[in-house]
Structures are given as structure tokens and as C-alpha cells.
Amino acid sequence: MSLKTETQEICSQYQIQPLRRRGQNFLINQETINKLLDAANLESSDYVIEIGAGLGILTQEIAKKVKKVFAVEIDKKLVEVLKNRLKDYKNIEIISGDILDSKCCDAIMLKCFNDYKVVANLPFNITSAVLRKFLSQKIKPKSITLILQKEVGERILAKPPKMNLLAISVQFYSKVKKIFKISKENFWPKPKVDSAILQIVPITNYESSTNIRITNNIDEEKFFQIVRAGFSSPRKYLLNNLVKSGIVNKEESENILSQTNLSLKSRAQELSIENWIELANKIKN
Ligand code: SAM
């Protein structure tokens with residue numbers, strides 16, 4: 001039986017109508033599931049948090065490869081399906097809750113002994129919030145491997161002169177690799193847009209010493225306050241945005257920019273992460 005037929009049969013058996021507002025587009029292609037699992041580099045000692053377990057088809061496949069899966073699902077009806085369908089898997093714990101709720105998220109991390117990977121075919125509307133949540137944790141995941149909207153993947157991978165706030169929020173903390181584009185035909189119901197698989201490895205877990213960014217002496221809150229101010233009017237010069245947001249006065253900002261490689265006419269989207277770090281360090285001092 002094809003995965004599409006299996007998915008439709010489960011839905012009809014449990015009287016499930018996939019909900020658009022919950023991003024319920026189920027994966028129906030085994031090859032794509034395999035690509036996602038390959039990208040996640042799963043090992044038998046891993047604890048995995050799966051966000052949005054849905055009907056549990058991907059969950060089962062993850063469970064075959066790892067020590068334990070914490071399968072989080074917000075939809076109570078789907079939680080019942082999961083409990084029923086996955087009851088024979090001793091290494092799957094189904095968690096009924098919202099991954100964006102800090103209480104739910106913190107409790108799962110404790111259960112993973114703060115050593116975990118995240119895998120998800122993510123509902124598109126929570127992508128940025130999920131990334132912010134996991135990447136700003138003190139103890140970050142070893143990796144985050146996601147299926148997400150292709151355009152969002154491209155925004156995350158952006159480089160100067162096309163940087164944006166989301167790209168900085170992710171690249172500041174991690175190395176990002178695009179693994180594959182996935183056509184919308186791989187899901188049921190079929191979404192409006194194509195997707196991509198992205199692998200995100202937080203820098204603290206990144207192996208090569210040459211890639212370790214010196215962020216220790218940066219106050220992250222201050223850093224993102226400066227970045228947000230810089231992007232406040234993306235068409236305007238960075239200098240004007242920083243002044244208008246009250247981060248620095250005009251004289252200070254001209255002084256600071258002259259100490260960097262940046263021109264007075266630089267725009268926020270032209271700056272690399274390293275430029276932002278340099279700028280934040282200069283503003284701090
Ligand atoms: N993992 C399944 C698959 O690959 O076929 C389902 C993926 S579907 C794209 C996204 C799932 O995330 C849905 O089952 C939805 O109910 C669930 N979900 C949506 N928002 C959530 C949240 N805030 N926390 C946990 N699960 C959520």
C-alpha cells in the first residue's frame with residue numbers, strides 16, 4: 001500500500017480532517033522520509049524531539065534508528081491516533097502539547113538530559129518561532145533537521161547583500177546546509193508551495209575549530225537590539241536606522257562606521273554576521 005493510501009485510510013478510520021491552520025500536510029513519500037532521516041545523521045544513542053508527529057509515520061521511522069523519540073503533537077485528536085498506533089514502540093513517548101509553550105519544551109529537554117536532536121516536518125506558520133526557541137536555548141540541540149517552506153529556507157540561507165533578520169537570527173547561532181528541494185507532491189493534502197530539507201547545526205556543536213565564532217563576549221540581547229534597529233527601515237541607510245532607533249547618535253554612528261569596513265551608505269541587508277558582530281562590539285565599547 002502506498003503511503004498516501006495508508007495516510008488517507010488512517011484519517012478516514014479516525015475521522016480526521018487535516019487542519020490547514022495546524023499545517024497538517026502529511027509526508028507521503030518514503031524516499032523523502034529517507035532523505036530527511038539521512039540528513040539528520042541519527043545514531044542509536046540519540047534522543048530526538050520530533051515536532052508535530054501527526055499520524056506517526058515519520059515517528060516510527062525515527063524510532064527504528066535512535067534510543068528514544070519524544071513525539072510532540074498539539075492536536076488532541078492526533079495524540080489519540082498516535083497513542084493507539086504507536087503503542088508497541090517502547091522508545092516513543094508521545095507528548096500532548098505545544099512545542100512553543102516553554103513549560104512543555106523545558107520538560108522535554110530535561111527528559112533528554114539536555115542532549116538531543118530535533119527532527120520535524122514543520123508546520124510552516126511556526127518555523128521562525130521554533131528556530132528562535134531552540135537556537136536561543138542555553139543548551140542547544142546537536143542539530144535541527146527540518147522540512148520547511150522552500151522560500152523560508154532560502155531566506156535562512158541568504159548572504160549579503162540579501163541578508164534579513166531571520167537569516168541573522170539563525171546564522172548567528174549555527175551553520176546551515178540546504179539538503180534538498182522537495183516538491184509539494186510529497187504531501188497530502190498538497191500544500192500550495194514547495195519545501196526544502198535544511199540541516200542546522202548550532203555553532204557550539206560544530207566540530208571544526210576554524211568555524212567557531214567568538215560570540216562569548218557579546219550580549220545577545222544587545223546584539224539583536226542593534227540588528228533589529230538596523231533593519232527597522234530596510235530601504236534606508238543603516239546609519240540613519242541606528243540613529244532613529246536611539247542606539248547611537250549621529251556623530252557616534254559615523255565614528256563607529258569609520259572604524260569598520262562599512263560605508264556610511266551601507267544598508268542592513270549588505271552586512272555579514274561578522275560585520276554585525278564587529279559593529280555590536282564597537283557600539284558596546
Ligand atoms: N510529522 C507528520 C508528517 O511528517 O507527516 C506531520 C507533519 S505536519 C506538517 C505538522 C504537524 O505539527 C501536525 O500534525 C500539527 O498538528 C502539528 N503541530 C502544529 N503546531 C504545533 C505546535 N505548536 N506544537 C506541536 N505540534 C504542532
Side-chain angles (χ1 to χ4, degrees), residues 2-11 14-40 42 48-66 69-86 89 92-109 116-134 144-150 152-153 180 182-198:
S2 75
L3 268 188
K4 182 175 181 182
T5 312
E6 188 183 342
T7 300
Q8 289 172 336
E9 282 191 2
I10 299 169
C11 284
Y14 290 92
Q15 296 173 341
I16 304 277
Q17 286 282 356
L19 298 174
R20 215 162 137 201
R21 70 187 163 85
R22 294 273 188 227
Q24 290 172 355
N25 303 99
F26 303 110
L27 250 179
I28 50 161
N29 185 328
Q30 186 62 44
E31 222 177 286
T32 305
I33 292 180
N34 294 344
K35 281 180 185 167
L36 178 66
L37 296 177
D38 280 353
L42 298 176
V48 171
I49 301 179
E50 189 202 356
I51 304 169
L55 304 171
I57 291 174
L58 173 61
T59 320
Q60 278 170 304
E61 299 297 321
I62 299 172
K64 288 176 192 161
K65 292 182 174 283
V66 303
V69 189
F70 295 92
V72 191
E73 177 52 60
I74 198 169
D75 184 326
K76 295 214 161 31
K77 228 170 154 186
L78 292 183
V79 169
E80 288 317 306
V81 178
L82 289 164
K83 282 186 177 160
N84 205 356
R85 292 194 66 243
L86 304 178
Y89 285 81
I92 297 178
E93 182 169 335
I94 294 151
I95 295 171
S96 173
D98 178 352
I99 196 64
L100 298 177
D101 169 10
S102 292
K103 263 198 204 144
C104 168
C105 199
D106 292 352
I108 304 169
M109 278 182 216
Y116 61 101
K117 292 178 178 170
V118 173
V119 178
N121 168 21
L122 215 54
F124 294 158
N125 57 348
I126 63 168
T127 308
S128 308
V130 163
L131 289 173
R132 263 200 310 277
K133 177 140 216 98
F134 281 96
I144 305 176
T145 311
L146 300 177
I147 292 184
L148 38 60
Q149 197 173 336
K150 184 172 143 266
V152 177
F180 270 104
I182 305 171
S183 123
K184 50 187 158 223
E185 309 295 330
N186 285 260
F187 304 90
W188 180 83
K190 189 161 75 171
K192 288 207 172 79
V193 292
D194 289 329
S195 297
I197 297 178
L198 233 62

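When a ligand or atom number is given, it counts from 1 through the structure's own listing order.
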Legend entry - N/O donor-acceptor pair under 3.5 Å between N25 side chain and P189 backbone: yes

Legend entry - Heavy-atom nearest option to atom 5 (O) of ligand 1, drawn from L148, D75, L27: L27

Legend entry - F26: numbered ligand 1 atoms lying under 4.0 Å from its heavy atoms: 5 (O), 6 (C)

Inset, instruction - Give a yes/no verdict on whether any heavy atom in A120 is under 4.0 Å from an atom of ligand 1. - result: no

Legend entry - I57 to ligand 1, any heavy atom closer than 4.0 Å: no

Inset, instruction - Pick one of side chain, backbone, both or neither for how T59 approaches ligand 1, counting any non-hydrogen atom pair under 4.0 Å. - result: neither

Legend entry - Under 4.0 Å to a heavy atom of A53 - the qualifying atoms of ligand 1, by number: 1 (N), 2 (C)

Inset, instruction - Determine yes or no for a side-chain-to-main-chain donor-acceptor pair under 3.5 angstrom, with K77 supplying the side chain and Q15 the backbone. - result: yes

Legend entry - Option set L3, L82, I74, criterion heavy-atom distance to atom 18 (N) of ligand 1, minimum: I74

Ignoring hydrogens and angles, write down the donor-acceptor pairs under 3.5 Å from the side chains of residues 94-103, residues two or more places apart or on other chains.
unit_1	atom_1	unit_2	atom_2	d
D98	OD1	L100	N	2.8
D101	OD1	K103	N	3.1
S102	OG	K133	NZ	2.9

Legend entry - Region of I126 engaging ligand 1 - heavy atom pairs below 4.0 Å: side chain

Legend entry - Mode of D98 contact toward ligand 1 - side chain, backbone, both, neither (heavy atoms, under 4.0 Å): both

Legend entry - Which residue and heavy atom of the protein sit nearest atom 4 (O) of ligand 1, plus the separation: N121 ND2, 2.9 Å

Inset, instruction - For the pair Q24 (side chain) and P18 (backbone), establish whether a donor and an acceptor sit closer than 3.5 Å, ignoring hydrogens and angles. - result: no

Inset, instruction - Hey, could you give me each pair passing side-chain hydrogen bond (donor to acceptor under 3.5 Å, both in side chains) that has a residue in residues 118-132? Not counting sequence neighbours. - result: none

Legend entry - Presence of salt bridge, K83 and E93, under 4.0 angstrom: no

Legend entry - Between Q30 and N34: side-chain donor-acceptor atoms closer than 3.5 Å: yes

